[in-house]
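Beneath this line is the structure, given in structure tokens, with notes to follow.
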Amino acid sequence: MILEEIEKLKKEIWESFEKIESLSQLEKFRIKYLGKKGEITSYLKLLKDFPLEEKKRLGKELNELKSQLEKKLKSKEREILFKEEDKDLGLDLTLPGRFPSVGTLHPISQIIDELCEIFSRLGFEVVTGPEIETEYYNFTALNIPDWHPARDMQATFYLKNGALLRTHTSPMQIRAMLERTPPLRIVAPGKVYRCDADVRHSPMFHQIEGLMVDEDVSFTDLKGILTYFAKEIFGEKTKVRFRPSYFPFTEPSVEMDIECVICHGKGCRVCGEAGWVEILGAGMVHPEVFKAVNYDTNIWQGFAFGLGIERIAMIRYGVEDIRMFFENHLMFLQSFK
Ligand code: FA5
């Protein structure tokens with residue numbers, strides 16, 4: 001009989017517990033069931049006249065209910081207090097927080113990292129050097145004497161003391177060879193400067209220089225390595241072509257074009273309707289350059305290349321105007337996340 005009553009009481013308690021929404025309702029509930037004259041308390045008092053066994057069993061049941069209820073009431077009270085605080089502050093504390101927007105590497109830096117990673121895999125060491133150069137490293141040691149017309153093609157910015165902003169990363173060939181003994185393989189990424197400005201030419205741009213010197217390096221190695229790099233960067237199906245060219249510091253010299261990945265050779269704005277985009281100059285190291293660093297040309301051979309990083313980024317991402325990379329428009333930069 002009493003057991004049934006307790007069961008009924010439990011049901012009633014949990015049903016009305018669910019309906020509690022305010023602190024005053026909570027207080028009323030506590031008094032009704034747990035207060036001095038509350039229902040659970042009264043039942044507990046009644047038990048003293050019961051036989052021992054029953055007293056134990058029912059006492060346990062009621063005490064468990066009591067402590068369970070006390071715990072639940074505490075957390076309910078906290079919940080109500082939080083909600084009321086939110087209302088007071090006019091805030092919704094359940095809204096997700098505001099996160100600071102996280103930046104990303106500039107697309108040019110991303111390409112540089114990728115290139116360094118590809119060439120590192122092929123055993124090339126990554127080196128860097130100064131952007132302010134002497135004429136000697138930038139031109140003379142590269143077989144471009146001061147009367148040579150190739151100096152005009154790379155018109156640059158001179159400082160008052162006669163130093164200049166390097167026009168290409170090729171001076172790093174000289175610096176690397178002087179600092180090391182052959183055999184060697186280096187790549188040197190960095191900024192270069194020229195008096196040059198249109199949609200595909202920027203006065204400041206980035207190149208990466210490559211140089212491999214060994215006893216048995218041939219033009220085949222040059223073609224193999226550069227074709228491998230192009231396929232790694234632009235995909236396995238990428239077509240490349242080598243055109244004869246001229247650089248005073250390589251002989252023979254070539255320029256490498258890749259088929260435009262936007263129009264696949266048909267011609268579009270990114271490739272200037274040519275279907276192909278020139279991305280680098282290269283060739284076998286000229287004996288005069290080896291002479292400038294005291295390398296014995298009877299033993300050592302080598303190839304070098306210099307590629308334009310913005311060109312790679314333009315084809316890779318279909319960017320038509322090189323200036324986009326340097327105008328710092330957040331919308332543009334965020335698309336490279
Ligand atoms: C050179 O600068 C040579 N030093 C490359 C070289 C290195 C040849 C080693 C042989 C051996 P060139 O001037 O062609 O070559 O420039 C190389 C690449 O830089 C070009 O193919 C092009 O992709 C890029 N480039 C040149 N001028 C600009 C410019 N103003 N803006 C953006 N990219 C440019």
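These numbers were taken from a predicted model, which means no experiment stands behind them. Just follow the structure's listing: the first ligand is 1, and inside any ligand the first atom is 1.
Sparse packing is recorded around CD1 of I132, with 12 or fewer heavy atoms of other residues, nucleotides or ligands lying under 6.0 Å away.
Residue H168 has at least one N or O atom closer than 3.5 Å to an N or O atom of ligand 1. Residue contacts with ligand 1: S170 is placed with a nitrogen or oxygen under 3.5 Å of a nitrogen or oxygen of the ligand (distance criterion only). No N or O atom of E310 sits closer than 3.5 Å to an N or O atom of ligand 1. When only interatomic distances are considered, the shortest N/O to N/O separation between E209 and ligand 1 does not fall below 3.5 Å.
Residue-ligand proximity: F249 is placed with a non-hydrogen atom under 4.0 Å from ligand 1. Proximity of S202 to ligand 1 is established by a heavy-atom distance of less than 4.0 Å.
The option from M172, R200, R311 that lies nearest to atom 23 (O) of ligand 1, judged by heavy atoms, is R311.
With 3.5 Å as the limit, one finds a donor-acceptor pair spanning the side chains of E209 and S170.
Here the heavy atom of the protein found nearest to atom 33 (N) of ligand 1 is F205 CD1, 3.3 Å.
Aromatic ring centroids of H206 and F325 lie 6.0 Å or more apart.
The cationic atom of R166 (NZ for Lys, CZ for Arg) does not lie both less than 6.0 Å from the six-membered ring centre of Y137 and within 45° of the ring axis.
Applying side-chain hydrogen bond (donor to acceptor under 3.5 Å, both in side chains) to T167 and the options T156, D196, N138 leaves one that passes, N138.
Salt bridge annotation for E77-K74: absent, with no cationic side-chain nitrogen under 4.0 angstrom from a carboxylate oxygen.
When heavy-atom distances to ligand 1 are checked against a 4.0 Å cut-off, E278 comes that close through both its backbone and its side chain. Residue contacts with ligand 1, taken as heavy atom pairs separated by less than 4.0 Å, involve I322 solely via side-chain atoms from C-beta onward.
Side-chain contact check for Y193 versus E133: every heavy-atom pair is 4.5 Å or farther apart.
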